[in-house]
Amino acid sequence: MKILNKNNYAIWLDGVFSQSTISKNKSLSPASNFWKKNLILNLQKTGLKNIILCCPIERAWPLGSLVVNKKRYKSIEKIKSYFLSYLNIPYFREIFKYSILKSNFQKFIIENKKPPKFIITWSVQDPKDKEKAEIKLARYLSKKYKINWLCLLGEGITPPGATHYMYSCWSSYLKCKNPRKYYLDGGIPEFKKNGKDSKSFPKVNKIKTFMYIGDLGIHGGALELANDFNNIKNENIELLICGKGQNKEIEKIASYNPKIKILGYLKEKKLNELAYNAYAFINPRPLNYEPNLLNFPSKLLYYLSFEKPVLSTISPGMSPDIIKAVIPIKHTNINGISKEIKYLLSISQTEYMNICKFIKNYKKNKTWINEVSKFKKWLDK
């Protein structure tokens, strides 16, 4: 495992996975993985090396494998990763994970002679759940070895004991009373099409394509979107639904409405090609589903990268800064989403282009490297 001889590095007790791994594992979130990947790659650009030491997430047996085998998990080339196998037995798996992660961490720092500058964890703990092994271990290691513990919070409650907290959920950030806190919802990624930058966009096609990218379960709002879109009388629009999972109700709607197309989980290259040609993107997360009030929909950053309008419900997890970059969906009840779609379809070409220009300028100031560089300066204080 020997890699470094100095302590200007961080150890993550959480994983970042390859696209092929994500596509095969229902327990892994593509959006969360994309966000963490960009954070790590940009932290490395600032000079902080990142090493992953991880017991991969999988549903407890018998819904998941009895043994979570590290060989089934791959990371990306630019991130040095060590995945660890463990017994996935309910009630006992957190004990196994704690023991395996602890012994491998201690072995790692002995071989490298110096402990890391930071231990980093990713927390999405529901108030009803028990603490995960990674959180308990980070607290122990931080105290034992006097290492900074950076706890990244995607949603849920704040685990006590970290030296630094980073929130991607605006409402949770405001509630935190710890002075060592930072808000980072992320940066807008830059994609290129056929070697060209985004100066050649936006392009408006005759058929105006609206895109939804995300899970087809209850929290994403895909069903509400499909129902509302189905009621719009316009032959020059279509809805592309891309993401993991199955939903028989959405499939039924799409079966008799050819304007609604379910494409499933797509590779990044294909997804980007479709996104470049989209007219607008839709984030219809229902606000009557309580967990949606406690997180930040990071998919918004992906949508904004294509410099097209984004229609979105407004949750407490979104900062005032990101809210100004979207067109609000006031509610997801009947006709709530279609009302905003119809509004966007009713505006002039000039008004549409002005929205796109605003997003383009917003994007320039919210790149991943800009956001992470500011975050790194705060970490180094």
Side-chain angles (χ1 to χ4, degrees), residues 10-16 29 31-43 46 48 50 57 117-129 131-132 134-136 138-139 142 147-189 219 283 285 287 289-302 304 312-326 365-381:
I11 290 184
W12 285 67
L13 302 181
D14 193 82
V16 169
S29 163
S32 174
N33 192 73
F34 185 79
W35 194 94
K36 286 182 283 186
K37 179 186 76 172
N38 278 285
L39 175 59
I40 291 177
L41 292 178
N42 284 280
L43 277 174
T46 68
L48 181 67
N50 289 256
I57 297 173
K117 188 173 184 179
F118 285 95
I119 300 168
I120 302 179
T121 57
W122 174 259
S123 180
V124 289
Q125 183 184 340
D126 187 277
K128 300 175 183 178
D129 295 338
E131 278 191 337
K132 300 298 183 184
E134 293 82 357
I135 299 298
K136 291 182 178 180
R139 185 181 296 116
S142 177
I147 303 170
N148 290 314
W149 169 22
L150 169 61
C151 185
L152 310 179
L153 288 108
E155 60 185 78
I157 64 173
T158 300
T163 58
H164 301 70
Y165 291 97
M166 189 286 291
Y167 291 85
S168 62
C169 173
W170 179 249
S171 56
S172 297
Y173 168 77
L174 294 177
K175 291 177 183 177
C176 178
K177 300 186 183 301
N178 192 304
R180 296 293 291 167
K181 66 176 183 176
Y182 192 90
Y183 177 74
L184 175 66
D185 56 11
I188 299 175
H219 81 280
N283 172 53
R285 288 191 178 187
L287 299 183
Y289 182 63
E290 189 173 353
N292 284 343
L293 303 177
L294 302 173
N295 59 31
F296 168 69
S298 61
K299 188 64 67 178
L300 293 176
L301 301 172
Y302 176 82
L304 291 169
S312 178
T313 51
I314 306 300
S315 74
M318 297 166 60
S319 71
D321 181 66
I322 199 77
I323 289 173
K324 70 183 183 183
V326 304
N365 298 315
K366 199 172 175 61
T367 63
W368 266 104
I369 190 60
N370 285 349
E371 296 299 309
V372 173
S373 294
K374 290 185 284 186
F375 176 52
K376 180 62 164 49
K377 288 180 181 178
W378 174 79
L379 278 178
D380 289 339
K381 288 180 181 179

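Here, residue 1 is the first one in the sequence, and each next residue gets the next number. Keep in mind that the numbers below use all heavy atoms, side chains included, and drop hydrogens, waters and symmetry copies.
The shortest distance between side-chain heavy atoms of L39 and V372 falls below 4.5 Å. T313 has its side chain within reach of N283: a pair of non-hydrogen atoms, C-beta onward, lies under 4.5 Å apart. Between D380 and K117, the closest side-chain pair of non-hydrogen atoms falls below 4.5 Å. Contact of the L150 side chain with the M166 side chain is registered, since non-hydrogen atoms from C-beta on lie closer than 4.5 Å. The side-chain heavy atoms of S319 and D185, taken from C-beta on, include a pair separated by under 4.5 Å. In this structure the side chain of L152 reaches within 4.5 angstrom of the side chain of W12, judged on heavy atoms. Between L301 and I322, the closest side-chain pair of non-hydrogen atoms falls below 4.5 Å. Annotation: side chain of W378 is in contact with side chain of R180 (closest heavy-atom distance under 4.5 Å).
Note on ring orientation: taking the six-membered ring where Trp is involved, the planes of H164 and F118 are perpendicular (angle over 60°, cut-offs 30° and 60°). Ring-plane geometry between Y183 and Y173 is classed as tilted, the angle between the planes lying from 30 to 60 degrees on a 0 to 90 degree scale.
Across L304 and A325, no two heavy atoms sit closer than the pair CD2-O, 3.8 Å. Closest heavy-atom contact between S123 and P159: OG-CG, 3.6 Å. Considering every non-hydrogen atom in both C169 and G154, the closest pair reads CB-O, 4.1 Å. The nearest pair of heavy atoms linking L153 to Y165 is CD1-CD2, 3.6 Å. When all heavy atoms of N365 and E371 are compared, the closest pair comes out as O-OE2, 3.7 Å. The heavy-atom pair separating M318 from V326 by the smallest distance is CE-CG2, 4.3 Å.
Checking side-chain atoms of S373 against main-chain N and O of N370 turns up no donor-acceptor pair under 3.5 Å. Although no hydrogens or angles enter the test, the distance criterion places no donor-acceptor pair under 3.5 Å between the side chain of S168 and the main chain of L184. Between the side chain of N292 and the main chain of H219, a donor-acceptor pair closer than 3.5 Å is present. For W368 (side chain) and G187 (main-chain N/O), a donor-acceptor pair under 3.5 Å exists by modelled atom type.
Taking the six-membered ring for Trp and the full ring otherwise, the centers of W170 and F296 sit at least 6.0 Å from each other.
Between atom CG of residue N148 and atom OG1 of residue T163 there is a gap of 4.0 Å, rounded to the nearest 0.5 Å. Atom CD1 of residue I157 and atom CD of residue Q125 lie 3.5 Å apart, to the nearest 0.5 angstrom. Between the OG1 atom of T158 and the NZ atom of K177 there is a distance of 11.5 Å, given to the nearest 0.5 Å. With values rounded to the nearest 0.5 angstrom, W122 atom CH2 is found 15.0 Å from K132 atom NZ. In this structure, E155 CD and S32 OG are separated by 9.0 Å, a value rounded to the nearest 0.5 Å. Residue I11 holds its CD1 atom at 7.5 Å from CD1 of I119, rounded to the nearest 0.5 Å.
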**OP:** Check the pair K366 / D321 against side-chain contact (heavy atoms from CB on, under 4.5 Å), numbers first and verdict last.
**Re:** CA-CA 10 Å; K366 199 172 175 61; D321 181 66; 4.2 Å; yes
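Cation-pi geometry between K37 and F34 is not met at under 6.0 angstrom from the ring centre and within 45 degrees of the axis.
A 6.0 Å sphere centred on NZ of K136 holds no more than 12 heavy atoms belonging to other residues, nucleotides or ligands.
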